Amino acid sequence: MLPWVQLASAIAPDGDTLRLMRRGDEFSIRLQGGNELMNSRLGGSEALATLALDRLADRSAPRVLIGGLGMGFTLRAAQAVASPQARLIVAEIVPELVGWATQHMAAVFGGCLSDPRVQVRIGDVGAQIRQATTAFDAILLDVDNGPDGLTRTGNDALYGTAGLQAARRALSPGGVLAVWSAEPDAAFERRLAGCGFAVSTHGVRAGGSGRGSRHVIWIGVRRDD
């Protein structure tokens, strides 16, 4: 078996060191201690885009905020189903990841970042949500491990009551908040409903094979009743 080779590293705003690793045509982004954050062969977040945009089929030019570039799974899925007039805004907190996507992982990302519908904003997706009012038709969050995120305690600002209320304000009436999680979380589901969303829960498999680990996607549609 081929060994893993480190291609690059970066320091995240919270001080963690991220390492970009390659083995053949497989890529992995890991914390310095070895915990894998993402892998080019393990999708699953694509359903964030397809489930959310399906609920916006009547909008000709949806404005979509994607939290984190990652390996580009969510972005590419959004591109595949979004209209030519859509705006797809990716908030990425680690600027080096954008360079890795266009350099080391160009074969994975293809030309998705050159799509005229796509804009990459360097910065915290939570800050962009808090600064917005009815600015987006959909917000797609695949940040850390979801509401029970392991690597960034600051993610509570996204998934706690204040964060969910900010997301609701940032969405247009009838807008969609889609959240990926590694595990079910009944408390989060209740919190999401309590913050003014009509909630549905969807099970998805990692890797798209139908045999991977089962994860959860919550779709919250902004209520205005």
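If you read the sequence from its start, that first residue is 1, and numbering goes on from there. Computed from a predicted structure; not experimentally measured.
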Participant: What residues, two or more places apart in sequence or in another chain, satisfy salt bridge (Lys or Arg N to Asp or Glu O under 4.0 Å) together with R190?
Facilitator: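 Here no residue qualifies.
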Participant: Looking only at atom types and distance, does a side-chain atom of E36 sit under 3.5 Å from a main-chain N or O of I29, one as donor and one as acceptor?
Facilitator: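 No, because the side chain of E36 does not come within donor-acceptor range (under 3.5 Å) of the backbone of I29.
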Participant: First locate atom OG1 of T201, then atom CH2 of W218, and finally report the distance between them rounded to the nearest 0.5 Å.
Facilitator: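 Reported value, rounded in 0.5 Å steps: 7.0 Å.
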Participant: Is the side chain of S83 donor-acceptor paired with the backbone N or O of S60 at a distance under 3.5 Å, no angle test?
Facilitator: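 Yes; judged by distance alone, with no hydrogens or angles, the pair exists.
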Participant: Name the atoms and distances for all side-chain donor-acceptor pairs under 3.5 Å in residues 92-101, with sequence neighbours left out.
Facilitator:
unit_1 : atom_1 : unit_2 : atom_2 : d
E92    : OE1    : L69    : N      : 2.8
E92    : OE2    : V94    : N      : 2.9

Participant: Counting only N and O atoms by type, is there a donor-acceptor contact under 3.5 Å from the side chain of R191 to the main-chain atoms of Y159?
Facilitator: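 Pair found, side chain donor or acceptor close to backbone of Y159.
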Participant: For residues 74-90, which residue pairs qualify under salt bridge (Lys or Arg N to Asp or Glu O under 4.0 Å), counting only residues two or more places apart or in two chains?
Facilitator: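 Output for this query is empty, none listed.
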Participant: M38 and L7: same hydrophobic cluster, using ILVMFWY side-chain contacts below 4.5 Å?
Facilitator: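 The answer is yes; both residues are in one hydrophobic cluster.
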Participant: Would you say R23 and V5 make side-chain contact, with heavy atoms under 4.5 Å?
Facilitator: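 Side-chain contact under 4.5 Å: no.
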Participant: Let me see the working for R222 and L177 under side chain to side chain contact (heavy atoms under 4.5 Å, CB included), right down to the final yes or no.
Facilitator: CA-CA 8 Å; R222 173 177 159 165; L177 174 64; over 6 Å; no
Participant: Evaluate the side-chain proximity of F197 to L171: yes if any heavy-atom separation is below 4.5 Å, no if none is.
Facilitator: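 With C-beta onward as the side chain, the pair touches.
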Participant: So L113 and L75, side chain to side chain contact (heavy atoms under 4.5 Å, CB included) or not? Walk me through it.
Facilitator: CA-CA 9 Å; L113 293 181; L75 173 60; 3.7 Å; yes
Participant: Taking the side chain as C-beta and beyond, is there a heavy-atom pair between I139 and V176 under 4.5 Å?
Facilitator: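 Result no, sub-4.5 Å side-chain heavy-atom pair not found.
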Participant: Please list all pairs meeting salt bridge (Lys or Arg N to Asp or Glu O under 4.0 Å) that have one or both residues in residues 164-180, counting only residues at least two apart or in different chains.
Facilitator: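 Passing the test, one end in residues 164-180: R168-D224.
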Participant: Got a sec, which residues hit salt bridge (Lys or Arg N to Asp or Glu O under 4.0 Å) with D25, two or more places apart in sequence or on another chain?
Facilitator: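 Partners of D25 under the salt bridge (Lys or Arg N to Asp or Glu O under 4.0 Å) test: R41.
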Participant: Restricting to pairs with a member in residues 100-115, which pass salt bridge (Lys or Arg N to Asp or Glu O under 4.0 Å), not counting sequence neighbours?
Facilitator: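 Residue pairs with at least one partner in residues 100-115: D115-R117.
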Participant: For T133, what residues pass the side chain to side chain contact (heavy atoms under 4.5 Å, CB included) criterion, not counting sequence neighbours?
Facilitator: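 Checked T133 against side chain to side chain contact (heavy atoms under 4.5 Å, CB included); zero matches.
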Participant: Please test L140 against L65 for side chain to side chain contact (heavy atoms under 4.5 Å, CB included), starting from the C-alpha separation and ending with a verdict.
Facilitator: CA-CA 6 Å; L140 315 182; L65 176 64; over 6 Å; no
Participant: For R19, enumerate each residue passing the salt bridge (Lys or Arg N to Asp or Glu O under 4.0 Å) test, keeping only those at least two apart in sequence or located in another chain.
Facilitator: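 In terms of salt bridge (Lys or Arg N to Asp or Glu O under 4.0 Å), with neighbours along the sequence ignored, R19 is linked to no residue.
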Participant: Ignoring hydrogens and geometry beyond distance, is a side-chain donor-acceptor pair present between R59 and S172 at under 3.5 Å?
Facilitator: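 Their side chains do contain a donor-acceptor pair, which is all the 3.5 Å distance test asks for.
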Participant: Are side-chain heavy atoms of V216 and E183 found at a separation under 4.5 Å?
Facilitator: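 V216 does not reach E183 side chain to side chain.
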Participant: For residues E46 and T74, is any side-chain donor paired with an opposing acceptor at under 3.5 Å?
Facilitator: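 No - no donor-acceptor pair under 3.5 Å links their side chains.
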Participant: Between W4 and M105, is there shared hydrophobic-cluster membership here, with clusters defined by ILVMFWY side-chain heavy atoms closer than 4.5 Å?
Facilitator: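 No, because W4 and M105 fall into different hydrophobic clusters, even though each may have its own neighbours under 4.5 Å.
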Participant: The criterion is side chain to side chain donor-acceptor pair (under 3.5 Å); which residues satisfy it with H104, sequence neighbours excluded?
Facilitator: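 H104 satisfies side chain to side chain donor-acceptor pair (under 3.5 Å) with no other residue.
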Participant: For T134, what residues pass the side chain to side chain donor-acceptor pair (under 3.5 Å) criterion, not counting sequence neighbours?
Facilitator: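 Result, side chain to side chain donor-acceptor pair (under 3.5 Å) vs T134: none returned.
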Participant: Does V199 reach the side chain of I219, with side-chain heavy atoms less than 4.5 Å apart?
Facilitator: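 When only atoms from C-beta onward are counted, I219 and V199 do not touch, as no gap falls below 4.5 Å.
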Participant: What pairs meet the side chain to side chain donor-acceptor pair (under 3.5 Å) rule with one or both residues in residues 63-72, with sequence neighbours excluded?
Facilitator: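 Every pair satisfying side chain to side chain donor-acceptor pair (under 3.5 Å) with a residue in residues 63-72: R63-D137.
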Participant: In terms of hydrophobic clustering (I, L, V, M, F, W, Y; side-chain heavy atoms under 4.5 Å; direct or indirect links), are F73 and M21 co-clustered?
Facilitator: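 Different clusters: F73 never reaches M21 through Ile, Leu, Val, Met, Phe, Trp or Tyr contacts under 4.5 Å.
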Participant: Could you see if L18 belongs to whatever hydrophobic cluster contains V120? Use Ile, Leu, Val, Met, Phe, Trp, Tyr and a side-chain cutoff under 4.5 Å.
Facilitator: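 Cluster IDs for L18 and V120 match.
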Participant: In the structure I gave you, are the side-chain heavy atoms of N39 and F27 within less than 4.5 Å of one another anywhere?
Facilitator: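 No, every pair of side-chain atoms sits at 4.5 Å or beyond.
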Participant: Mind checking salt bridge (Lys or Arg N to Asp or Glu O under 4.0 Å) for R22 and listing every partner two or more places apart, or none if nothing turns up?
Facilitator: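 Per chain and number, R22 pairs via salt bridge (Lys or Arg N to Asp or Glu O under 4.0 Å) with no residue.
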Participant: I'd like to know whether V179 forms a side chain to side chain contact (heavy atoms under 4.5 Å, CB included) with F188, so could you lay out the CA-CA distance, the side-chain angles of the two residues, the decisive distance to 0.1 Å, and finally the verdict.
Facilitator: CA-CA 10 Å; V179 178; F188 174 76; 4.1 Å; yes
